[in-house]
Every structure is written in C-alpha cells, then in structure tokens.
Student: 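This is the structure, below, for whatever I ask next.
If you're wondering where the values come from, they're calculated on a predicted model, not measured in any experiment. First listed ligand is number 1; within each ligand, the first listed atom is number 1.
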Amino acid sequence: MPLVTTKEMFRKAYEGKYAIGAFNVNNMEIIQGIVEAAKEAKAPLILQVSAGARQYANSNYLIKLVEAALLDAPELDIALHLDHGDSFEICKQCIDDGFTSVMIDGSHLPYEENIALTKQVVDYAHSKGVTVEAELGRLAGVEDAVNVSAEDATYTNPDQALDFVTRTGCDSLAVAIGTSHGAYKFKGEPKLDIPRLQRIQELLPGFPIVLHGASSVVPEFVEMNNEYGGEIPGARGVPEELIKEATKYGVCKVNIDSDLRLAMTGVIRKELHNNPGNFDPRKYLGPARTAIKEMVKHKIYNVLGNNDKL
Ligand code: G3H
Ligand code: 13P
Ligand code: ZN
C-alpha cells in the first residue's frame, strides 16, 4: 500500500469519535517502534517530520525509512506529514518529495497574512492531492528554535476559525486551547478550554481539529530520567483524560513528540547506567525502540482509541 493522505483517516476518526496519533520521527529506531505498535494495534498512523528532523536526519533518509516501514507493514494506513512548515517553499519541497500531508504554520503571522500563506499552500497541495493542516491561535512552549511564552500564547477565536477555514480551504486546523509544546506545560492546575473546542466544533461541524503539544509527560519516564542522571524537575504534561475528552469534540489528530523523547532518553540513561561496560549501541537503542513501541501502544489503546480501525 502506498502512503495515504489524512482525508479518509480523519473522516472515519471524526465519525467514530477517536483520534489518530501523529508521532514525530527523527531516526530509524523511532520509526520502527511506532510502526510496530501501530501494526500490533491495527491503528492508522501519521508519521510527522519537523524542520529540525529534516535537518538532523536529512529528509531523504526519513522518507526512505518510512517507505521501508510500509514494505514491512503493507496493511497499515500511514500518512507522511510535514510538521510546522513555515514557508510555501518547504511545503512545496515536501509535497514534491512524496509527503501526503503538510502543515503550514502561519500562526505567528498577522491574520490576513496567515490566510494568504495558507491559501497559497492549499492551492498547490490540492493540485497534487495532498492535504493541508493550518494553525490559528498560538500555543505556548518550545518548537524548533521558537519559544513562545505563556503571555504570548493566544487561544483560538472560534468565529475567526470559521472565517479562516472558509477562506483558506485547509483540510484540518490546529487550535490553541491550553496545550503547549515541550515537557513543561503547566505550572498550576492543568486544564484545557473544552467549551472553546465545543464552540469551534459547533461552527465547523464535521471538520477535523488538531491538537499540538498533546504529550502527557508520563511521570514514570520523567522519574526514570531523573533517577539515572537526568535533570528535568517539575516536568508536567496534559493529563491523558483531557486529551481523551477532546477527541469527543472533533479532535482527529493528536501530536505527540515529548513523550517519545522522554521514554527513549529515560531507557537509554537506565541502560547505560546499569551496563557501564557496554559500548554496543544496539544494546541501548534496542530497549529504547521497545520503549517507544510501548508508549505508542499505550496512547493508541488508552488515549486515542484508534486501535482496530484499519
Ligand atoms: O512541535 C515541535 C515538535 O516537537 C518537533 O520538535 O522541532 O525539535 O523537531 P523539533
Ligand atoms: P509535545 O511536545 O507535547 O509532544 O507536542 C508535539 C507537537 O505538537 C509536534 O508538532
Ligand atoms: Zn506542534
């Protein structure tokens, strides 16, 4: 099976009130762990590549690894998605390279400029059969080299969301309702603005909504990192019940990166600590790959609900 777009995936997810996990990929072990989990859970899957990932691994390697995953799991529905594209050029490059979905993130731009840029990407992407995710509102947190402070974060205005989607023709929309990127999401009580999400859904019935910054920062792995030499005190994510609740109100795509990073790094720290004589990377990358797989299975079964949906 070739790579698929997100169109049909989202249609089914919306109707079934579940979400598709969009997991960030940076190397072979991460891709293999995620794909193994999706295979076992029979879950449709989005593999997403950020600008940082393209720079780190070289986009061609990641594309070939994803193609290899498809050879290994031909029964899977996999979309290859550009995460946080910040220009028409990067979106065009990915579309021309075979990505089936792109995000154009104009959320930092003035409203009319975000519309114009998104529309330009939509026109090109749709002419090639590729789906487009856009973003309106600003999340707090760290993404690539950009750090948005909580004060600069702006929640998505539902009326503006309707206008934005109508005028750009984008296929899905990332909204800001309280999630944020990275491992330090909340200082006080974690909460999401579910009434705002409900209002967006009312105004845009049937339209797929995307949640970025949706890692839960699973305490078990924060503790594992800290126990074996890491220093990430006070890391805190979005409780999984809140993400689960959001999937009932039109959220069809849930972005997860930090939870994979924490699981992978925690296990590598532990393996190196427990086996100081080892210098064979396979002996710590293997367990790290298994930790990625277990994390993704946990998300599929306990948070996203997209198991057995192929
Ligand atoms: O939204 C950001 C993702 O976690 C990707 O992070 O830009 O460091 O690859 P990155
Ligand atoms: P987390 O940092 O919560 O994993 O969010 C990842 C993300 O939104 C990627 O676009
Ligand atoms: Zn994001």
Student: Taking 4.0 angstrom as the limit, do K92 and E89 come out as a salt bridge?
Tutor: no
Student: Just give me the atom name: the N, O or S atom of H181 closest to the Zn ion (ligand 3).
Tutor: NE2
Student: At under 4.0 Å between heavy atoms, is it the side chain or the backbone of H84 that contacts ligand 1, or both, or neither?
Tutor: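 The side chain, only.
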Student: Within a distance under 4.0 Å of any heavy atom of I256, pick out the atoms of ligand 2 and give their elements.
Tutor: 4 (O)
Student: Run the salt bridge (Lys or Arg N to Asp or Glu O under 4.0 Å) test on E8 and R11 for me, step by step, so that the C-alpha distance in whole Å, both residues' side-chain angles and the decisive distance to 0.1 Å come before the verdict.
Tutor: CA-CA 5 Å; E8 195 54 15; R11 195 189 59 74; 2.8 Å; yes
Student: Would K12 and E15 pass as an ion pair if we require N to O under 4.0 Å?
Tutor: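 Salt bridge between K12 and E15, a charged N being under 4.0 Å from a carboxylate O: no.
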Student: Does ligand 1 come near enough to R261 that some N or O of the ligand is less than 3.5 Å from an N or O of the residue?
Tutor: yes
Student: Salt-bridge test for E36 and K39: reply yes if a basic N is under 4.0 Å from a carboxylate O, no otherwise.
Tutor: yes
Student: So which of the N, O or S atoms of H84 lies nearest the Zn ion (ligand 3)?
Tutor: NE2
Student: Please could you name the atoms of ligand 2 that S215 approaches to less than 4.0 Å, counting only its heavy atoms?
Tutor: 1 (P), 3 (O), 4 (O)
Student: Between V66 and I31, is the side-chain contact (heavy atoms from CB on, under 4.5 Å) condition met? List the steps.
Tutor: CA-CA 7 Å; V66 173; I31 293 174; 4.1 Å; yes
Student: What atoms in ligand 2 come closer than 4.0 Å to a heavy atom of H212?
Tutor: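 Contacts of ligand 2 toward H212, numbered from 1: 8 (O), 10 (O).
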Student: If you look only at distance, which donor and acceptor atoms sit under 3.5 Å apart when one is on a side chain in residues 228-243 and the other is two or more places apart or in another chain?
Tutor:
{"unit_1": "R236", "atom_1": "NH1", "unit_2": "K187", "atom_2": "O", "d": "3.2"}
{"unit_1": "R236", "atom_1": "NH1", "unit_2": "G188", "atom_2": "O", "d": "2.9"}
{"unit_1": "R236", "atom_1": "NH2", "unit_2": "G188", "atom_2": "O", "d": "3.4"}
{"unit_1": "E240", "atom_1": "OE1", "unit_2": "H298", "atom_2": "NE2", "d": "2.8"}
{"unit_1": "E240", "atom_1": "OE2", "unit_2": "H298", "atom_2": "NE2", "d": "3.0"}
{"unit_1": "E240", "atom_1": "OE2", "unit_2": "K299", "atom_2": "NZ", "d": "2.9"}

Student: Which of the atoms of ligand 2 are close to K185, meaning less than 4.0 Å from one of its heavy atoms?
Tutor: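 Those qualifying, in numeric order: 1 (P), 2 (O), 3 (O).
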Student: Of all N/O/S atoms in H212, which lies nearest to the Zn ion (ligand 3)?
Tutor: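 Atom name returned: ND1.
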Student: Side chain, backbone, both or neither: which part of A183 has a heavy atom under 4.0 Å from ligand 2?
Tutor: neither
Student: For H181, counting its heavy atoms only, list the atoms of ligand 1 lying under 4.0 Å from any of them.
Tutor: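 Listed by number with element, the hits are 1 (O), 2 (C).
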Student: Counting both backbone and side chain atoms, is some N or O of D259 under 3.5 Å from an N or O of ligand 2?
Tutor: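 Among all N and O atoms of D259, none is under 3.5 Å from an N or O of ligand 2.
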Student: For ligand 2, find out whether one of its N or O atoms is nearer than 3.5 Å to an N or O atom of G213.
Tutor: yes
Student: Given L260, D257, D83, which has its nearest heavy atom closest to atom 6 (C) of ligand 2?
Tutor: D257
Student: Applying a strict 4.0 Å limit to heavy atoms, is R261 in contact with ligand 2?
Tutor: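 Judged by the 4.0 Å heavy-atom criterion, R261 does not count as contacting ligand 2.
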Student: Heavy-atom distance to atom 4 (O) of ligand 1: which of D257, V49, N24, L139 wins?
Tutor: D257
Student: Check this for me - ligand 2, N24, N or O atoms closer than 3.5 angstrom, yes or no?
Tutor: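 Between N24 and ligand 2 (N or O atoms, distance only) the closest approach is not under 3.5 Å.
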Student: Start with the C-alpha distance between H108 and H84, add both sets of side-chain angles, then the distance that settles ring pair (Phe, Tyr, Trp, His ring centres under 6.0 Å), and finish with yes or no.
Tutor: CA-CA 11 Å; H108 55 287; H84 293 284; over 10 Å; no
Student: Around atom OH of Y61, are there more than 12 heavy atoms of other residues, nucleotides or ligands at under 6.0 Å?
Tutor: no
Student: Does E271 pair with K283 as a salt bridge, N-O distance under 4.0 Å?
Tutor: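 Looking at K283 together with E271, the answer is no, because their closest N to O distance does not fall below 4.0 Å.
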Student: Distance under 6.0 Å and angle within 45° of the ring axis: does K309 meet both against Y18?
Tutor: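 Flagged: K309 positioned over aromatic ring of Y18.
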Student: For the pair C91 and V121, evaluate side-chain contact (heavy atoms from CB on, under 4.5 Å) and give the outcome as yes or no after the intermediate values.
Tutor: CA-CA 7 Å; C91 291; V121 172; 3.9 Å; yes
Student: I need the atoms of ligand 2 closer than 4.0 Å to a non-hydrogen atom of H84, numbered in the order shown.
Tutor: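 That gives atoms 10 (O) of ligand 2.
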